[in-house]
Amino acid sequence: MASVMVAGDVIDIGFTSWERLWIGQERLVLPVAVVRQATSVDDPLRLARGGRRGLAVSGVVKIGIWGLFGGPRQLVAARRGEPGLHLILDRTAGGAFDEVVLSSPAAPHLADAIGRAMAARG
C-alpha cells in the first residue's frame with residue numbers, strides 16, 4: 001500500500017515495489033497548490049474508470065494509470081476493503097494526472113490534513 005505524507009505545502013506519495021511495477025515510478029510529489037479537492041472515500045476501486053495500463057483484478061485491486069483514451073487521467077493504487085484518498089488535481093499546472101486514487105487506512109486523516117494545508121494557502 002502506498003505511503004502518503006503531508007508536510008507543509010507538499011504531498012509525498014511513495015509506492016511499494018509491487019505498485020512501482022504497474023505505475024512506473026517510485027514516488028509522486030505533489031504541491032498542495034495543485035490539489036483542487038481532497039476527499040476520503042469508502043470504496044476507491046469504484047473511482048478508476050476508462051482505458052488503463054496496469055493491473056486490474058475485478059473487485060480486488062487496481063494499480064496503474066487509468067483514463068488513457070479520454071476522461072480524467074488517474075493514477076490508481078487501490079485495494080478492496082480499505083478506505084481511499086481521492087485527490088482531484090489542477091492538471092493545467094503541468095502535472096501528468098487529473099486525479100490520484102489511493103487506498104489508505106489513514107484516508108480520512110489525510111484528507112483533513114490536505115484540506116487544512118489548502119486552507120492555509122488561502
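Along the sequence shown, the residues carry numbers beginning at 1.
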Check the pair Leu102 / Phe15 against side-chain contact (heavy atoms from CB on, under 4.5 Å), numbers first and verdict last.
CA-CA 10 Å; Leu102 304 169; Phe15 299 104; 4.1 Å; yes

Which distance, rounded to the nearest 0.5 Å, do you find between the [atom1] of [X] and the [atom2] of [Y]?
X	Y	atom1	atom2	answer
Gln37	Ile114	CD	CD1	11.5 Å
Arg36	Leu87	CZ	CG	12.0 Å
Leu75	Leu89	CG	CG	9.5 Å
Glu82	Asp43	CD	CG	11.5 Å

Before giving the answer on side-chain contact (heavy atoms from CB on, under 4.5 Å), spell out for Glu99 and Arg73 the whole-Å C-alpha distance, their side-chain angles and the decisive distance to 0.1 Å.
CA-CA 6 Å; Glu99 299 179 18; Arg73 190 167 178 96; over 6 Å; no

When clusters are formed by joining ILVMFWY residues with side-chain heavy atoms under 4.5 Å apart, either directly or through shared neighbours, do [X] and [Y] land in the same one?
X	Y	result
Trp18	Ile13	yes
Val57	Val76	no
Leu85	Met118	yes
Phe69	Ile65	yes
Trp22	Val100	yes

Work out which heavy atom in Pro83 is nearest to a heavy atom in Pro105; give both atom names and the distance.
CG-CA, 3.9 Å

Minimal non-hydrogen separation, Gln25 against Arg20, with atom names:
O-CG, 3.3 Å

Heavy-atom side-chain contact between [X] and [Y] under 4.5 Å:
X	Y	answer
Val4	Asp12	no
Val29	Ile11	no
Arg80	Leu45	yes
Pro31	Asp9	no
Leu47	Trp66	no
Val35	Ile88	no

Check this for me: Arg49, atom CZ, are more than 12 non-hydrogen atoms of other residues, nucleotides or ligands nearer than 6.0 Å?
yes

Between Arg79 (side chain) and Val61 (backbone), is there a donor-acceptor pair under 3.5 Å?
no

Do any N or O atoms from the side chain of Lys62 and from the backbone of Ala56 form a donor-acceptor pair under 3.5 angstrom?
no

Answer yes or no: is there an ion pair linking Arg27 with Glu19, defined by an N-O contact shorter than 4.0 Å?
no

Using a strict threshold of under 4.0 Å (side-chain N to carboxylate O), is an ion pair present between Asp98 and Arg91?
yes

By the side-chain hydrogen bond (donor to acceptor under 3.5 Å, both in side chains) test, which pairs, at least two apart or in different chains, include something from residues 100-110?
none

What do the steps show when you test Val32 against Leu30 for side-chain contact (heavy atoms from CB on, under 4.5 Å), and what is the final call?
CA-CA 6 Å; Val32 169; Leu30 299 169; over 6 Å; no

Test side-chain contact (heavy atoms from CB on, under 4.5 Å) applied to Ile23 and Ile63, step by step
CA-CA 7 Å; Ile23 292 172; Ile63 303 171; 3.9 Å; yes

